[in-house]
Q: 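Below: one structure in structure tokens.
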Amino acid sequence: MNSDNDLQIAGDILEVPHLLQPPREHPGTVAEFVGLARSIAADRSQWEHLVQYDATSRWYHRLRTGPGYEVWLLSWVPGQGSGLHDHGGSSGVLTVLDGALTEHTERGARALSAGSQRVFAPGYIHEVVNDSLEPAVSLHVYYPGLTEMPMHAAQCAVAEVS
């Protein structure tokens, strides 16, 4: 019976520094961007003091930039919404920090409570609305940075009357 294990055969990879990938200074994968959003969400000291509420329009503040990405902080008073839109060539991560939002897509509506995250690719069409009676705060990471947000006309199903 062979008693060799992987460590005996290959050696300890931690002892061979040239085989280790250097840690990344900035996110480079979807999972890393999701992790970035989660870490910012968990540290309220990074964003809570910046939040403002505007009764006339959604409030937003660019919280951070990095190579090829942007992080935005948004607030939503009850009844405010984004309108049906996409994010051009940008992918993104939406994280609800406080309150609740509703995301509407062609597949229906999805309730998003504090801690909920949505990941989307370029061209993803949705509308985000604060349908609740309390204000909400969300964090948005876009990569590459957001350069356009085309608006779309609402798609209504029309039933034929016979």
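Since the structure is predicted, the reported quantities are computational estimates derived from the model, not experimental observations.
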Q: Looking at S45, is its backbone amide N or carbonyl O close enough to the side chain of E48 to form a donor-acceptor pair, meaning the two atoms are under 3.5 Å apart?
A: no
Q: Under 3.5 Å, is there a donor-acceptor pair between the Y124 and R118 side chains?
A: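 Yes - a donor-acceptor pair under 3.5 Å links their side chains.
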Q: Please report the shortest heavy-atom distance between A136 and Y53, naming the atom on each side.
A: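 Shortest heavy-atom separation between A136 and Y53 comes out as O-CE2, 4.0 Å.
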Q: So, applying ring-ring contact (aromatic ring centres under 6.0 Å, His included) with F33, which one of Y142, Y69, F120 is it?
A: Y69
Q: Nearest heavy-atom pair of D98 and W47: which atoms, and what distance?
A: OD2-CH2, 3.7 Å
Q: Can you confirm whether more than 12 heavy atoms, excluding those of R44, are under 6.0 Å from its CZ atom?
A: yes
Q: Strictly distance-based, threshold 3.5 Å: is any side-chain N or O of D131 a donor or acceptor partner for the main-chain N or O of T102?
A: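 No: the side chain of D131 does not pair with the backbone of T102.
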Q: Mark yes or no for whether E127, through its side chain, and T105, through its backbone, hold a donor-acceptor pair below 3.5 Å.
A: no
Q: Please name the pair of heavy atoms, one in L146 and one in S90, separated by the smallest distance, quoted to 0.1 Å.
A: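 Closest approach of L146 to S90, heavy atoms only: CA-OG, 3.7 Å.
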Q: Look up atom OG in S82 and atom CG in N130, then write down how far apart they are to the nearest 0.5 Å.
A: 11.5 Å
Q: Could you check if a side-chain atom of L74 sits within less than 4.5 angstrom of a side-chain atom of V137, using non-hydrogen atoms only?
A: no
Q: Does M149 belong to the same Ile/Leu/Val/Met/Phe/Trp/Tyr cluster as W72, with side-chain heavy atoms less than 4.5 Å apart forming each link?
A: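 No, it is not one cluster - the side chains of M149 and W72 are not joined through contacts under 4.5 Å.
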Q: Do you know which two heavy atoms are closest between P78 and S132, and how far apart they sit?
A: CB-O, 3.2 Å
Q: Between the main-chain N or O of A100 and the side-chain N or O of S113, is there a donor-acceptor pair closer than 3.5 Å?
A: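 No; judged by distance alone, with no hydrogens or angles, the pair does not exist.
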Q: For a quick test of reading the model, state the closest non-hydrogen atom pair linking A37 to Q117 and the distance between them.
A: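 Heavy atoms only, the tightest pair is CB-NE2, 3.5 Å.
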Q: Tell me whether the count of non-hydrogen atoms from other residues, nucleotides or ligands lying under 6.0 Å of CD in E148 goes above 12.
A: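 It does: E148 CD has more than 12 such atoms within range.
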Q: Should the pair R38-D43 be classified as a salt bridge under the 4.0 Å nitrogen-to-oxygen rule?
A: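 No.
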Q: If you group Ile, Leu, Val, Met, Phe, Trp and Tyr by side-chain heavy-atom gaps below 4.5 Å, do Y60 and L73 land in one group?
A: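 Shared cluster, no.
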Q: Assigning hydrophobic clusters by single linkage (Ile, Leu, Val, Met, Phe, Trp, Tyr; side-chain heavy-atom cutoff under 4.5 Å), is V119 placed with I40?
A: yes
Q: Rounded to the nearest 0.5 Å, what separates atom CG in L139 from atom CG in L94?
A: 8.5 Å
Q: Check whether any side-chain heavy atom of Q46 lies under 4.5 Å from a side-chain heavy atom of R64, and answer yes or no.
A: yes
Q: Can a donor-acceptor pair be found between the side chains of T65 and E70 at a distance below 3.5 Å?
A: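 Looking only at side-chain atoms, E70 and T65 do not form any donor-acceptor pair under 3.5 Å.
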Q: Taking atom CG of D54 and atom CH2 of W76, what is their separation to the nearest 0.5 Å?
A: 13.0 Å
Q: Between V51 and H49, does a side-chain contact (heavy atoms from CB on, under 4.5 Å) hold up when you go through it step by step?
A: CA-CA 6 Å; V51 175; H49 65 284; over 6 Å; no
Q: Consider only side-chain heavy atoms of I, L, V, M, F, W and Y, link residues closer than 4.5 Å, and tell whether V71 and V30 are in one cluster.
A: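 They do share one cluster, since a chain of ILVMFWY contacts under 4.5 Å joins V71 to V30.
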Q: L63 and L36: same hydrophobic cluster, using ILVMFWY side-chain contacts below 4.5 Å?
A: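 Per the 4.5 Å side-chain linkage, L63 and L36 are co-clustered.
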Q: Compute the centroid of each ring, for H126 and then for H87, and state whether the two points are separated by less than 6.0 Å.
A: yes
Q: Check whether any side-chain heavy atom of L50 sits under 4.5 Å from a side-chain heavy atom of Q52, and report yes or no.
A: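 With C-beta onward as the side chain, the pair stays apart.
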Q: Can you check side-chain hydrogen bond (donor to acceptor under 3.5 Å, both in side chains) on H140 and S138, steps first, answer last?
A: CA-CA 7 Å; H140 304 249; S138 59; 2.7 Å; yes
Q: Taking all heavy atoms of L84 and all of A153, pick out the closest pair and write down the distance.
A: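 In terms of heavy atoms, the two residues are closest at CD2-O, 3.5 Å.
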